Amino acid sequence: MIKTVKSLGLACTLLAASVSLYAKNNVVIMATGGTIAGAGASSTNSATYTAAKVPVETLINSVPQIKDLANVSGIQALQIASENITDKELLSLARQVNDLVKKPSVNGIVITHGSDTLEETAFFLNLVIHTDKPIVLVGSMRPSTALSADGPLNLYSAVALASSDEAKNKGVLVLMNDSIFAARDVTKGINIHTNAFVSQWGALGTVVEGKPYWFRNSIKRHTKASEFNIENIKGEQLPVVQIVYGSDSMKPDAYLAYAKAGARAIINAGTGNGSVAKYLVPTLQQLHNDNGIQIIRSSRVAQGFVLRNAEQPDDKYGWVAAHDLDPQKARILAALALTKTNDAKEIQRMFWEY
């Protein structure tokens, strides 16, 4: 009798292990619009189209193979072209994501998103969502109606990634054109080709035939290790942070106008090493010293990073160096930093750590 009970127990254990081995994870697809949900007038319209036309259920049904990868459900979180996203939409999306990751029944999330500001949304979520569950942003460069539309395969690969246990605790990810990128350093490098998204530090890995392959990790603070939390951010507006693009023959008017509009920080997308023309320095010093506006030196150059106290004496002026964050990522981090402090040294620490 004892042997029978033990045998039955062993059989049940093996059966449970077998079921667990083949059980599919539950992935929620959150649609926000963008090109991946776009439609053109004809199949040859790959650059001329209307974004955010196709609803989430149609997206899911257009790639039936994703149901072989995971138990998939859909939510229409937004329906918008991503260049129109403001703090209101960004915060709303983050709160929806935060609610979902708390559910034990949700193993991973895929967010379909327009490519124009996909990198900003990904970085924001990377900083404010405390979870180890995979969150994957995906888009496309061609609308769903185009010849050789890239959206279906991108979506398939994103679901494969979000349903993979190996993607846990790697921060928010971006899946485009078979490549897995860290939200922190991915950027849109070209606006007309399917290999549009790049990182100067390289991809984290790749997805081939529905299987992720990994080659590196992101070492900066993110998700569960972040000091920022969407649950602590109230309202529909972040502190106002604006970007001024550097060039020759600049005028101080843009900086002054942003100050008048209530900016609490200005990202100087400077030339080269985040350079600031000497004729602009008095204006920026005045804005910082008299108005308490943070001056953050980023660069318009796509690769490299801004060295602190090079080109300008940041310590002397009380300015912040954005390190390797591009102007749009610097804006996101600065806005979150300002929800906690207006101390330039503390904000600089955050730029080193994130």
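All values reported here derive from a predicted model rather than from experimental measurement. When a residue number appears, it is its place in the shown sequence, counting from 1.
Remark: Lys170 is positioned above the aromatic ring of Trp214, its terminal NZ or CZ atom under 6.0 angstrom from the ring centre and at most 45 degrees off the axis.
Atom-to-atom distance recorded for Ser299:OG and Asn268:CG is 9.5 Å, nearest 0.5 angstrom. Interatomic distance, Ile85 CD1 to Leu91 CG, rounded to the nearest 0.5 Å: 11.5 Å. The CE atom of Met30 sits 5.0 Å away from atom CG of Leu100, with the distance rounded to the nearest 0.5 Å. Atom CD1 of Ile180 sits about 7.0 Å away from atom CG of Leu204, to the nearest 0.5 Å. In this structure, CG on Leu59 lies 9.0 Å from OG on Ser140, to the nearest 0.5 angstrom. With rounding to the nearest 0.5 Å, the separation of CG in Leu336 from CZ in Phe123 is 8.0 Å.
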inquiry  = Under the criterion salt bridge (Lys or Arg N to Asp or Glu O under 4.0 Å), I'd like the reasoning laid out for Arg95 against Glu236: C-alpha separation, chi angles, the key distance, then a yes or no.
reply    = CA-CA 11 Å; Arg95 288 168 181 140; Glu236 297 182 337; over 6 Å; no
side-chain hydrogen bond (donor to acceptor under 3.5 Å, both in side chains) evaluation trace for Asn291 with Gln286 = CA-CA 7 Å; Asn291 300 75; Gln286 177 189 348; 5.0 Å; no
task = Applying side-chain hydrogen bond (donor to acceptor under 3.5 Å, both in side chains), run through Asp87 and Gln237 and close with a yes or a no.
result = CA-CA 5 Å; Asp87 287 351; Gln237 179 71 49; 2.8 Å; yes
query = Which is it for Phe305 and His323 under the ring pair (Phe, Tyr, Trp, His ring centres under 6.0 Å) test, yes or no, and what are the steps along the way?
reply = CA-CA 5 Å; Phe305 54 89; His323 196 38; 5.2 Å; yes
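Here the closest heavy-atom approach between residue Ile243 and residue Pro327 is recorded as CD1-O, 3.6 Å. Closest heavy-atom contact between Pro239 and Thr339: CD-CG2, 3.6 Å. Taking all atoms of both residues into account, the shortest heavy-atom contact from Met141 to Ser115 is SD-OG, 3.8 Å. Taking all atoms of both residues into account, the shortest heavy-atom contact from Ala330 to Leu325 is N-CB, 4.1 Å. The shortest heavy-atom contact between Ile296 and Ala334 is CD1-CB, 3.5 Å. Closest heavy-atom contact between Asn61 and Pro64: O-CD, 3.5 Å.
Proximity of a side-chain donor or acceptor of Asn309 to a complementary backbone N or O of Asp315 within less than 3.5 Å is detected. Put simply, the side chain of Ser275 never gets that close to the backbone of Gly272: no donor and acceptor are under 3.5 Å apart. Side-chain N or O atoms of Glu119 include one that pairs as donor or acceptor with a backbone N or O of Lys188 at under 3.5 Å. Asn126 places no side-chain N or O within 3.5 Å of a backbone atom of Gly171 that could act as its donor or acceptor partner. Under a 3.5 Å cut-off, the side chain of Gln348 and the backbone N or O of Ala321 do form a donor-acceptor pair. A donor-acceptor distance shorter than 3.5 angstrom exists from the side chain of Lys329 to the backbone of Arg184, with no hydrogens or angles considered. A donor-acceptor contact shorter than 3.5 Å is absent between the side chain of Thr32 and the backbone of Ser82. Put simply, the side chain of Ser164 never gets that close to the backbone of Ala160: no donor and acceptor are under 3.5 Å apart. Within the 3.5 Å criterion, the main-chain N or O of Gly292 finds a donor-acceptor partner in the side chain of Asn342. One N or O on the side chain of Asn154 and one on the backbone of Gly139 form a donor-acceptor pair closer than 3.5 Å.
By the 4.0 Å N-to-carboxylate-O rule, Arg216 lies close enough to Asp185 to be salt-bridged with it.
Residue pairs meeting the salt bridge (charged side-chain N to carboxylate O under 4.0 Å, His left out) criterion with at least one member in residues 292-306, sequence neighbours excluded, are Arg297-Asp314.
At a cut-off of 3.5 Å, with distance as the only test, a side-chain donor of Glu231 or Asn98 sits close to an acceptor on the other residue. A donor-acceptor contact closer than 3.5 angstrom links the side chains of His113 and Thr121.
By the side chain to side chain donor-acceptor pair (under 3.5 Å) test, Gln96 pairs with Ser92, sequence neighbours left out. Qualifying side chain to side chain donor-acceptor pair (under 3.5 Å) partners for Asp165, counting only residues two or more places apart in sequence or in other chains: Asn25. A search for salt bridge (Lys or Arg N to Asp or Glu O under 4.0 Å) contacts involving Lys103 returns nothing, not counting sequence neighbours. Legend: residues meeting ring-ring contact (aromatic ring centres under 6.0 Å, His included) with Trp201, ordered by chain and number and at least two apart, are absent. Partners of Tyr354 by ring-ring contact (aromatic ring centres under 6.0 Å, His included), not counting sequence neighbours, listed by chain and number: Phe228. Asp132 meets the side chain to side chain donor-acceptor pair (under 3.5 Å) test with no other residue; sequence neighbours excluded. In this structure Glu227 satisfies the salt bridge (Lys or Arg N to Asp or Glu O under 4.0 Å) test together with Arg221, Arg349, sequence neighbours excluded. Legend: residues meeting side chain to side chain donor-acceptor pair (under 3.5 Å) with Thr86, ordered by chain and number and at least two apart, are Glu89. Asp99 is linked by a salt bridge (Lys or Arg N to Asp or Glu O under 4.0 Å) to nothing, counting only residues two or more places apart in sequence or in another chain.
Proximity of Asn71 to Asn107: side-chain heavy atoms (C-beta onward) are nowhere separated by under 4.5 Å. Counting only heavy atoms from C-beta outward, the side chains of Ser247 and Thr271 never approach each other to under 4.5 Å. Within the 4.5 Å cutoff, the side chain of Val136 has no heavy atoms near those of the Ile109 side chain. Under the 4.5 Å side-chain criterion, counting only non-hydrogen atoms from C-beta, Val172 is in contact with Leu137. The side-chain heavy atoms of Ile135 and Leu173, taken from C-beta on, include no pair separated by under 4.5 Å. Annotation: side chain of Ser226 is in contact with side chain of His130 (closest heavy-atom distance under 4.5 Å). Contact of the Leu338 side chain with the Thr341 side chain is not registered, since no non-hydrogen atoms from C-beta on lie closer than 4.5 Å. By the 4.5 Å heavy-atom criterion applied to side chains, Val208 and Asp178 are not counted as neighbours.
Through side-chain heavy atoms spaced under 4.5 Å, either directly or across other Ile, Leu, Val, Met, Phe, Trp or Tyr residues, Val198 is tied to no other residue. The other members of the hydrophobic cluster of Ile295, by chain and number, are Val244, Met250, Tyr255, Leu256, Tyr258, Ile266, Val276, Tyr279, Leu280, Val281, Leu284, Leu287, Ile293, Tyr317, Trp319 (side-chain heavy atoms under 4.5 Å, ILVMFWY only).
Val320 and Val301 fall into different hydrophobic clusters, where Ile, Leu, Val, Met, Phe, Trp and Tyr side chains are chained together by heavy-atom contacts under 4.5 Å. In the hydrophobic cluster analysis, where Ile, Leu, Val, Met, Phe, Trp and Tyr join through side-chain heavy atoms closer than 4.5 angstrom, Val241 is grouped apart from Val306. Hydrophobic clustering of Ile, Leu, Val, Met, Phe, Trp and Tyr side chains at less than 4.5 Å, counting indirect connections, keeps Val240 apart from Leu127.
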